[in-house]
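See structure below.
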Amino acid sequence: MQLQQLFSPSVQHTLDVVGIFVFAISGALLAVRKNFDVFGIAVLAEVTALGGGLFRDLVIGAVPPAAFTDLGYFLTPLIAALVVFFLHPHVERIQTGVLVFDAAGLGLFCVSGTTKAYSYGLNLTASATLGLATAVGGGVLRDVLANEVPSLLRWDRDLYAVPAIVGATMVVLCIHYDTLTPFTSGLAVVTAFVLRLLAMRFHWRAPRAWNRRSTVTEE
Amino acid sequence: MQLQQLFSPSVQHTLDVVGIFVFAISGALLAVRKNFDVFGIAVLAEVTALGGGLFRDLVIGAVPPAAFTDLGYFLTPLIAALVVFFLHPHVERIQTGVLVFDAAGLGLFCVSGTTKAYSYGLNLTASATLGLATAVGGGVLRDVLANEVPSLLRWDRDLYAVPAIVGATMVVLCIHYDTLTPFTSGLAVVTAFVLRLLAMRFHWRAPRAWNRRSTVTEE
Amino acid sequence: MQLQQLFSPSVQHTLDVVGIFVFAISGALLAVRKNFDVFGIAVLAEVTALGGGLFRDLVIGAVPPAAFTDLGYFLTPLIAALVVFFLHPHVERIQTGVLVFDAAGLGLFCVSGTTKAYSYGLNLTASATLGLATAVGGGVLRDVLANEVPSLLRWDRDLYAVPAIVGATMVVLCIHYDTLTPFTSGLAVVTAFVLRLLAMRFHWRAPRAWNRRSTVTEE
């Protein structure tokens with residue numbers, strides 16, 4: 001289990017809470033846009049922030065999941081929901097700032113998710129997959145509950161999965177070559193973070209199926 | 001585990017089956033309204049009735065979940081589906097009656113869900129959260145499968161989460177002060193039930209985000 | 001556990017991979033139709049192929065689920081996604097062929113899902129239910145992620161659940177009468193498969209609720 005102690009526990013916990021907070025903001029903002037009430041905002045904040053980690057913990061058998069044992073993990077999204085509830089026009093105005101934090105959360109979660117899955121005995125491919133699921137799962141659940149097509153799957157959104165895949169892959173390569181340290185982990189976080197920022201800046205997109213007639217965009 | 005034996009097992013089981021039945025009715029009615037076939041009606045009845053408890057059991061590690069070990073829990077929604085299949089215009093006509101029973105299910109499930117989660121070692125906050133999830137989870141799954149925005153999240157529906165939150169909170173307060181008895185548990189059930197009835201009667205609603213322009217109601 | 005060894009392990013594994021592949025094709029095709037990018041295609045292929053088994057494994061407590069421990073299970077949907085990505089007009093053209101394979105997957109999964117659930121100690125009813133869930137769960141998740149009403153639930157689709165229910169029921173009857181052999185298992189697979197083919201050929205459909213005014217088809 002020493003793998004989980006890449007960073008000192010308090011540093012790791014702080015990073016997790018930061019990631020949870022920014023994901024919760026994105027969930028709460030969507031809830032406002034969908035005209036949900038204050039409880040809908042809180043629910044969507046919780047689901048977005050904790051859904052990915054909850055799925056990972058169920059899959060690796062880490063029950064009860066951290067989302068239900070760590071009070072800080074549970075309360076952070078509620079604070080984010082309150083912030084959005086009272087200040088949402090201001091939060092909207094700093095939307096770019098929110099997206100930058102969301103990119104940071106993506107980087108943090110893909111690395112911590114991969115590490116935790118590996119420490120529970122999964123193989124390298126499965127660990128990287130669960131790292132990806134940890135990073136993007138909350139957003140998918142958020143969109144499903146809001147009755148929208150998950151933005152993860154849409155072609156007209158900037159790359160989101162690829163940075164997380166790269167980060168998770170870097171971690172499992174480091175594990176494989178026995179070079180996983182706080183430094184290399186941090187490098188993986190930063191790489192995923194920067195890739196996501198670049199994808200947003202230059203509107204990188206993934207290709208759709210070959211021969212797809214692009215006029216058919218009834219989605 | 002003695003916590004679970006608040007009521008005699010047979011009383012508890014009867015209450016559970018009643019809650020399952022009324023939730024299943026609400027799922028089956030939505031299926032009819034969505035024009036689903038008889039299997040769709042049965043699936044939505046099962047999911048609505050057992051989804052919340054299934055989620056709770058997966059989170060606390062109570063596998064296989066009660067939904068799959070207790071034949072009565074499994075068959076009750078099928079009976080509800082048959083009732084709706086053959087009698088749905090009559091069931092629709094007594095829609096208010098159905099909503100009263102649904103409120104009773106809400107009260108029963110938020111209390112029994114909280115109690116079960118605590119008996120599996122979760123802390124008080126997590127137990128109350130899982131009590132809430134037990135009570136409202138099935139309805140959320142029902143709406144997701146029917147491809148609708150969960151009515152739990154919509155601002156234009158009467159309060160649904162709050163009564164369950166109050167009931168679950170009463171239970172954890174009683175646990176904290178060591179006063180959980182069949183009487184206080186029953187009081188929590190009745191409080192949640194009555195609050196929900198009042199919310200329906202007086203159309204209590206929760207606020208949306210401040211400064212939300214209410215003209216934007218394209219949802 | 002000898003129940004799981006109905007077929008030789010390598011035969012069983014091959015059958016599983018075939019079922020996974022054809023389900024993944026159906027997920028990837030829907031992703032193309034929804035205009036998703038290449039990652040959306042891969043995600044939908046994975047979810048469709050592995051979602052049903054993943055749900056079953058979480059319910060019976062078989063963690064980490066086979067989807068995350070068997071590299072072949074994980075890579076097969078990616079290959080299916082690539083096939084669809086590059087060849088989808090051709091795959092579309094052989095849509096009937098795809099549906100035949102999908103029917104084969106339905107037959108295989110309802111039998112293997114039931115058997116695995118029983119080998120983990122569930123009762124016969126629960127085992128058959130999980131067999132059904134294994135066979136149809138991936139398709140339901142596929143449709144939910146694509147923001148569509150699950151075709152499993154729609155009245156205007158040919159029977160899909162019934163063949164799986166029949167196959168799963170045959171398995172539990174064989175278990176009950178102690179006559180489960182590779183031959184009888186194979187018979188259950190073939191029965192479900194043929195029933196599904198007949199349902200497609202003759203457009204068998206399940207009834208909707210009695211007295212349902214069929215003019216109301218706004219779904």
Side-chain angles (χ1 to χ4, degrees), chain B residues 27-47 50-51 53-55 57-75 77-78 81-93 140-149, chain C residues 54-63 117-118 120-133 136-137 140-141 143-165 199 204-219:
Chain B
L29 281 175
L30 180 61
V32 171
R33 221 167 291 144
K34 297 288 285 190
N35 216 4
F36 292 168
D37 68 19
V38 61
F39 295 103
I41 296 171
V43 168
L44 221 56
E46 291 279 357
V47 165
L50 303 175
L54 183 59
F55 174 75
D57 288 349
L58 290 179
V59 164
I60 62 179
V63 289
F68 284 95
T69 55
D70 186 309
L71 203 58
Y73 289 0
F74 176 77
L75 294 179
L78 296 184
L82 282 179
V83 167
V84 169
F85 183 79
F86 286 110
L87 303 174
H88 85 95
H90 306 279
V91 180
E92 292 263 19
R93 208 171 301 140
V140 169
L141 278 174
R142 171 198 66 203
D143 294 341
V144 166
L145 285 184
N147 201 18
E148 305 210 323
V149 174
Chain C
L54 182 60
F55 174 74
R56 176 204 57 211
D57 288 349
L58 289 179
V59 165
I60 62 179
V63 290
Y118 185 77
Y120 271 76
L122 272 73
N123 64 48
L124 293 176
T125 310
S127 298
T129 306
L130 276 176
L132 173 63
V136 306
V140 170
L141 278 174
D143 295 341
V144 166
L145 285 184
N147 202 18
E148 305 210 323
V149 173
S151 70
L152 176 74
L153 305 175
R154 299 177 61 143
W155 75 275
D156 56 348
R157 299 296 158 90
D158 304 326
L159 284 187
Y160 197 85
V162 173
I165 292 171
W204 288 342
R205 285 176 188 170
R208 284 170 291 165
W210 284 22
N211 306 310
R212 183 79 173 84
R213 267 158 305 301
S214 59
T215 50
V216 191
T217 48
E218 38 67 51
E219 171 44 44

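Chain letters run A, B, ... following the sequence lines, proteins first and then strands; every chain starts at 1.
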> Of all residues at least two apart in sequence or in a different chain, which pass the ring-ring contact (aromatic ring centres under 6.0 Å, His included) check with B/Y73?
Replying inline: B/H13
> Which heavy atom of B/F68 sits nearest a heavy atom of C/T129, and at what distance?
Replying inline: CE2-CG2, 3.9 Å
>> What's the separation between atom CG in B/D37 and atom CZ in C/R205, rounded to the nearest 0.5 Å?
In response: 10.0 Å
> Non-hydrogen atoms of chain B under 4.5 Å away: do they reach the side chain of C/L132, the backbone, both or neither?
Replying inline: neither
>> Out of C/V63, C/T125, C/V144, return the one with the most heavy atom pairs under 4.5 angstrom to chain B.
In response: C/T125
> Run the side chain to side chain contact (heavy atoms under 4.5 Å, CB included) check on B/N147 and C/N147 step by step: do they pass?
Replying inline: CA-CA 7 Å; B/N147 201 18; C/N147 202 18; 2.8 Å; yes
> So which of B/L54, B/L145, B/I41 has the largest heavy-atom pair count under 4.5 angstrom toward chain C?
Replying inline: B/L145
> Between C/P207 and B/V38, is any pair of side-chain heavy atoms under 4.5 Å apart?
Replying inline: yes
> Looking at residues at least two apart in the chain, or sitting in another chain, which of them share a side-chain hydrogen bond (donor to acceptor under 3.5 Å, both in side chains) with B/D57?
Replying inline: B/K116
